[in-house]
Number of protein chains: 2
Amino acid sequence: MEHVLIEPNPPRPERADAARNRMRILEAAARLFAERDPNQVTMDEIARAAGVGRGTLYRRYPDRAAIAAALLDEHERAIQEELLRGAPPLGPGAPPADRLAAFYGAMVKLLEQHAHLVLGTEVGRSRFVTGAYGFWRIHVRTLLVAAQVPDPDRLLDILLAPISPDVYLQQRVNLNYSPERITGALSYLARQITAAPTVEPEP
Amino acid sequence: MEHVLIEPNPPRPERADAARNRMRILEAAARLFAERDPNQVTMDEIARAAGVGRGTLYRRYPDRAAIAAALLDEHERAIQEELLRGAPPLGPGAPPADRLAAFYGAMVKLLEQHAHLVLGTEVGRSRFVTGAYGFWRIHVRTLLVAAQVPDPDRLLDILLAPISPDVYLQQRVNLNYSPERITGALSYLARQITAAPTVEPEP
DNA sequence: AGCTTAAGCGGACACGAAGTCCACTTAAAA
DNA sequence: TTTTAAGTGGACTTCGTGTCCGCTTAAGCT
C-alpha cells in the first residue's frame, strides 16, 4: 500500500481572477487604511474601492482584522527573519540587554510605519492570539533567560505591553514624542529590566 | 457692586424620577457588565433591563463607556484618595520604589474586581483621555522624579501600559496567572526601573 | 389645592454596517 | 468543446445606534 497523498486537502492553485481580485483588495485596503482610521473603514467601502462585490471580499477576509493582518504579514516576517538570523544586535551574538533594546527599536520602526495597520488588526482582544505576538513573546523570553532574569515568564506580556499600537500612538500623536525618544525610553527599560536584581527574590 | 451669582449656570437639583432612573440604569448596567463582555451589551438591553426607554438612557449616557466610567468612578476616587493621603507605602512616606510597587498592587486589585468595567470604558482610544489616566500619570511621574530616574516623562505611558485591562486579562484569563504573580512581576518592574541606571545617559 | 412650566420620559423612526445567500459567470481541466 | 466547481456580486436580512418629538409629571408659585 502506497501513500500517494499525504496532504489531507491538496490545495488547488488559486484561479487567475481570484488572484487578481485579491491583489486589488489588498491595494485598495492599504490605501484606505493609510488615509483614515482603519476601524472606520467599512467592508463595503473596501469592496467598492477594489471594484469587487461584497461577497467576493467576505469570501477571503472575514473582517477588517484579517485584511490588516495580511498587509502586515510581510513586514512582520522580515523582522522575525532578522531576529533569528540577522546581524547583531538585532540578531544573535550581542548581549541580551542590547538585543532587547534593538528589538524594541525594530518594533518602534514597524509601528512608525504601520501603526494604523496594527491598530486595524485589533478586533476585540485579538492582539494576543496573533501568530506574531507569540513570536515576540518567545523571542523576549529567550533574551530574558539569557540575561538570567528571575522568573522571566511573568514579565513577557508586561514587557510587550508598551509596544501595543494604542500606547505607541498615545505617545506619538497625543503627546507628540519623537520616535527616537520612545526608542530611548524603551532602551532604558530594556537595560534596567535585564540588570542585576536590586532586591533578593523571596526565599 | 456685589457678586451674588458666581456659578455661570446654577445647577437645578435633580428631579426625583430622574434620580430613581439613574440608579436603575447603573444597577442594571452593573449586572449586565458583570455577566457578559461589556462591549457586547447593547444600549437597548441596558434600557430594557433598567425598565427605562431608550431616550431616557441616552439623555444621561451617550454610550456604554460613559456608563462604565460612572460605575468605575467611586473605586478610582478611593484609590486616588489613598495615594494622596493614605498610609505608606501606598500613600506618602515610603521610598519611591515601594510606593510604585504599591501603586501597581492597588491597580491589580482594582483590575481584579473590575477589569470588565475598565474594558467597558474603552471605546476607541478613549483610555488615555480619561481623567483617571491623567491622575495615574501624574502620580507615577512624582515617584520617578523622587527616585531620580532620568527623563521620567518618556517612561510614563510605558509604565502604565502593563495595567491596561486587556493586558491584565491576557495574563489573568488566557494565561491563568494569579493576581499575586502579576503583582510580583510589576513589583520587579517597579524596583528595576527606579534603581540606579546601568549605563550613563547620552552626553 | 390648583396652576404652570420645563425637565424628564419613552417609543417610533431613520440610518448605516455586518454578514449571508444564491443564481450567474468563467477559468481551467478533461 | 464540454464539464465542473471555484469564484463573483449584489440583493436581502438582521441588528445596533442615535435622534426626534409628543406626552407625562415633578416641583415651584400663587
Side-chain angles (χ1 to χ4, degrees), chain A residues 4-5 7-29 32-33 35-70 119-126, chain B residues 5 7-29 32-33 35-70 119-124 126:
Chain A
V4 180
L5 219 56
E7 289 291 329
N9 42 350
R12 288 230 187 176
E14 192 179 43
R15 237 170 71 170
D17 52 350
R20 179 172 47 82
N21 280 337
R22 189 162 47 74
M23 251 189 27
R24 280 189 187 173
I25 290 172
L26 255 30
E27 277 169 16
L32 289 172
F33 286 169
E35 67 195 24
R36 198 136 44 84
D37 174 11
N39 292 314
Q40 306 290 345
V41 177
T42 76
M43 291 296 266
D44 190 86
E45 254 180 319
I46 298 174
R48 267 188 289 108
V52 149
R54 283 179 76 63
T56 305
L57 180 55
Y58 274 101
R59 156 173 289 265
R60 248 186 289 283
Y61 303 108
D63 51 27
R64 263 191 311 282
I67 304 177
L119 208 55
T121 59
E122 301 208 4
V123 168
R125 305 297 122 241
S126 63
Chain B
L5 217 55
E7 290 290 329
N9 42 349
R12 290 228 185 176
E14 192 179 41
R15 239 171 71 171
D17 51 350
R20 180 173 45 80
N21 280 335
R22 190 162 47 75
M23 252 190 24
R24 280 190 187 173
I25 290 172
L26 255 29
E27 278 169 15
L32 289 173
F33 286 169
E35 68 195 22
R36 200 136 44 84
D37 175 11
N39 291 314
Q40 307 290 345
V41 177
T42 75
M43 291 294 267
D44 189 88
E45 256 179 317
I46 298 174
R48 266 188 289 113
V52 148
R54 286 179 73 60
T56 307
L57 179 56
Y58 274 102
R59 156 172 292 264
R60 247 186 291 282
Y61 303 107
D63 51 29
R64 264 191 310 284
I67 304 177
L119 208 55
T121 58
E122 302 208 4
V123 168
S126 61

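Labels below follow one simple rule: chain letters A, B, ... track the order of the sequence lines, proteins then strands, and each chain is numbered from 1.
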Q.
Are the side chains of A/Val52 and A/Ile46 in contact, using a 4.5 Å heavy-atom criterion?
A. no
Q | Listed nucleotide nearest any side-chain atom of B/Tyr58, set C/dG19, D/dT17, C/dG10 | A | D/dT17
Q: For the pair B/Arg36 and B/Glu45, find out whether any cationic side-chain nitrogen is under 4.0 Å from an anionic carboxylate oxygen.
A: yes
Q.
Just the rounded figure in Å: distance from C1' of D/dC21 to CZ of B/Arg54.
A. 16 Å
Q) Within the pair A/Arg59 and D/dG7, is there a side-chain N or O less than 4.0 Å away from OP1 or OP2? A) yes
Q) Nearest heavy-atom pair of A/Ala50 and A/Ile25: which atoms, and what distance? A) CB-CA, 3.8 Å
**Q.** Sorted by number, the residues of residues 15-22 of chain A with heavy-atom contact under 4.0 Å to DNA chain D
**A.** A/Arg15, A/Asp17, A/Ala18, A/Asn21
(Q) In the structure I gave you, are the side-chain heavy atoms of B/Phe33 and B/Ile67 within less than 4.5 Å of one another anywhere? (A) yes
Q) Does A/Thr56 reach the side chain of A/Tyr61, with side-chain heavy atoms less than 4.5 Å apart? A) no
Q. When the distance from CD of B/Glu45 to P of C/dG11 is rounded to whole Å, what number comes out?
A. 16 Å
Q. Please give, in whole Å, the distance from C/dA18 C1' to A/Arg64 CZ?
A. 10 Å
Q. What is the minimum heavy-atom distance between A/Asn21 and A/Arg60, and which atoms define it?
A. CB-NH2, 4.1 Å
Q.
Please tell me if B/Thr56 has a side-chain N or O lying less than 4.0 Å from either OP1 or OP2 of C/dG8.
A. no
Q: In whole angstrom, give the distance that lies between atom CD1 of A/Ile46 and atom P of C/dG19.
A: 12 Å
Q: Pick base, sugar-phosphate or nothing for B/Arg60, based on heavy-atom distances below 4.0 Å to the nucleic acid.
A: sugar-phosphate
Q.
If you assign B/Gln40 and A/Arg24 each to the DNA chain D nucleotide with the nearest heavy atom, which residue ends up on the more 5' nucleotide?
A. A/Arg24
**Q.** Whichever of A/Gly55 and A/Val41 has its nearest DNA chain C nucleotide further upstream toward 5'
**A.** A/Val41
Q) Looking across every strand, which nucleic acid part, if any, lies under 4.0 Å from B/Thr42 by heavy atom: base, sugar-phosphate, or nothing? A) sugar-phosphate
Q | Spacing of A/Leu57 atom CG relative to D/dG7 atom C1', expressed in whole Å | A | 14 Å
